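Please read all numbers here as calculations on a predicted model, not as lab measurements.
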Amino acid sequence: MSEAKTTTETAALQANPRPTATDIVAGIALVLALGALTRFFDTHVPQWAADTPVKRIAKSVEYPVYAIAIGLIGNVVLTRLGLRERLSAGFRTEFFIKTGVVLLGASINLKILVTAAAPAIVQAFALITIVFGFTWWFGGVLGLDDKLRALLSSAVSICGVSAAIAAAGAVQARREQIAYAASLVIIFALPSIFLLPWLADVFGLSDAVAGAWIGGNIDTTAAVAAAGALAGEESLQIATIVKTTQNALIGLVAIALTAWFAFRVDRTGAAARPSLGEFWARFPKFVLGFIAASIIGTLYLQSVDKKVGAAHIAIINDLRTWFLILAFVSIGLEFSLRGLKEAGWRPIAVFGSAVLVNLVVGLGLSVLLFRDFAV
């Protein structure tokens, strides 16, 4: 792929004069309309299926499934009409995900995570270190591009698309690499929503261990919530704590990747040592918004009545859901089987192998750290 490819959506729009303002507005309007359709199905399908044999399935299917399915259908229709490329400038996946990640920070109470979820912190550090390290190593064995290795390693070891976006900013990945990593995350995450709760029941895992396993292995926060709900209320609580702990480590990984690529990977022979300004230019700024939102949310919840704080956080979470719906719709609209075929079997082999390692190591850590844990 050509190195002339740009990194961010904003840069892509600036470098490509073809999209008009009308095209961009029309693309964004389409995403908003499909997002509203997703929310409609997410709200009403469980009601429609309430007295049918599929009521449990209908209740367990969460908005990412509807959003991606609707996005994929829109993708096919637009492609047949010859409009997909023209409107693609309005499919702002990167912006929607970044905004959703920042809003996610507001619901992460750092004090609770530190004082009540020490096992989750230990698990998060151990799991990220082991799975990231394996993915990076195996990607090197199979000869993957370093930037794609960074995206896949971050996605499978931390929190899916959000982590891939953070890594992309740090390593200056190409936009198509972001879309490819996001596609792999979704392909592997959706079956996990149903598979992991079923396996937890087959293995006879306790609620806490099941929740820790789900939270540490499924790569999107929304999918974790869906799988945790299937496993039970206590499992959902533990799954959420574990996943939000991993989410909180996005910043550390982004800083490490920024330093590694700026000072080692992209630095050639006699090239001058990168300046702090270049380091700052590479750093994904939205991560700071995520950290700030976490701190502000924690301080706010300590200063107001518990019910009032919960109500306000619920509003923020609903807004976050909207942005994530728009992101998943955009992923569906941007998904390209041709891109997967062009990339070949090696990235799929790397990501799939890493998912298996994540499952095995995550199960071991969950049993070790959470077998005596009480919610």
Show me the donor-acceptor pairs within less than 3.5 Å that the side chains of residues 26-33 make with the rest of the protein, sequence neighbours left out.
none

Using a 3.5 Å distance criterion without hydrogens, assess whether the side chain of Lys243 forms a donor-acceptor pair with backbone atoms of Ile158.
yes

Sub-3.5 Å donor-acceptor pair from the side chain of Gln123 to the main-chain atoms of Ala212, do we have one?
yes

Can you name the closest pair of heavy atoms from Arg346 and Gly143 and give their distance?
NH1-O, 3.6 Å

Within 6.0 angstrom of Arg86 CZ, more than 12 heavy atoms from elsewhere
no

Would you call the rings of Phe188 and Phe351 parallel, tilted or perpendicular, taking 30° and 60° as the class edges?
tilted

Determine yes or no for a side-chain-to-main-chain donor-acceptor pair under 3.5 angstrom, with Ser235 supplying the side chain and Gly228 the backbone.
no

If you compare all heavy atoms of Gly35 against all heavy atoms of Leu326, which two are closest, and at what distance to 0.1 Å?
CA-CD2, 4.1 Å

Quick check: does any side chain N or O of Asp42 sit under 3.5 Å from a backbone N or O of Thr38, one acting as donor and the other as acceptor?
no

Test your reading of the model: is there a side-chain donor-acceptor pair from Asn358 to the backbone of Val156, 3.5 Å cut-off?
yes

Specify whether Trp137 and Phe134 have parallel, tilted or perpendicular ring planes, treating 30° as the upper limit for parallel and 60° as the lower limit for perpendicular.
tilted

Without placing hydrogens or testing angles, list every side-chain donor-acceptor pair under 3.5 Å for residues 65-82, not counting sequence neighbours.
{"unit_1": "Asn75", "atom_1": "OD1", "unit_2": "Thr79", "atom_2": "OG1", "d": "3.3"}
{"unit_1": "Asn75", "atom_1": "OD1", "unit_2": "Arg84", "atom_2": "NE", "d": "3.1"}
{"unit_1": "Asn75", "atom_1": "ND2", "unit_2": "Gly332", "atom_2": "O", "d": "3.0"}
{"unit_1": "Asn75", "atom_1": "ND2", "unit_2": "Leu333", "atom_2": "O", "d": "2.9"}
{"unit_1": "Asn75", "atom_1": "ND2", "unit_2": "Phe335", "atom_2": "O", "d": "2.8"}
{"unit_1": "Thr79", "atom_1": "OG1", "unit_2": "Asn75", "atom_2": "O", "d": "2.7"}

For Trp136, is there any backbone N or O sitting under 3.5 Å from a side-chain donor or acceptor partner on Ser153?
yes

Output the distance between atom CG (Leu363) and atom CG (Leu205), rounded to the nearest 0.5 Å.
6.0 Å

Heavy-atom pair with the smallest gap, counting every atom of Ile218 and Ser192
CD1-O, 3.7 Å

Looking at Asp51, I'd like to know if its CG atom is crowded, meaning that more than 12 non-hydrogen atoms belonging to other residues, nucleotides or ligands lie closer than 6.0 Å.
no

Classify the side-chain pair Thr20/Asp23 by whether it contains a donor and acceptor separated by less than 3.5 Å.
yes

Just to verify, what does Asn317 make a side-chain hydrogen bond (donor to acceptor under 3.5 Å, both in side chains) with, not counting sequence neighbours?
Arg320

For Trp48, look at atom CH2 and say whether over 12 heavy atoms of other residues, nucleotides or ligands are found less than 6.0 Å away.
yes

Is it the case that the side chain of Trp213 and the backbone of Leu359 share a donor-acceptor pair, with hydrogens and angles ignored and the cut-off at 3.5 Å?
yes

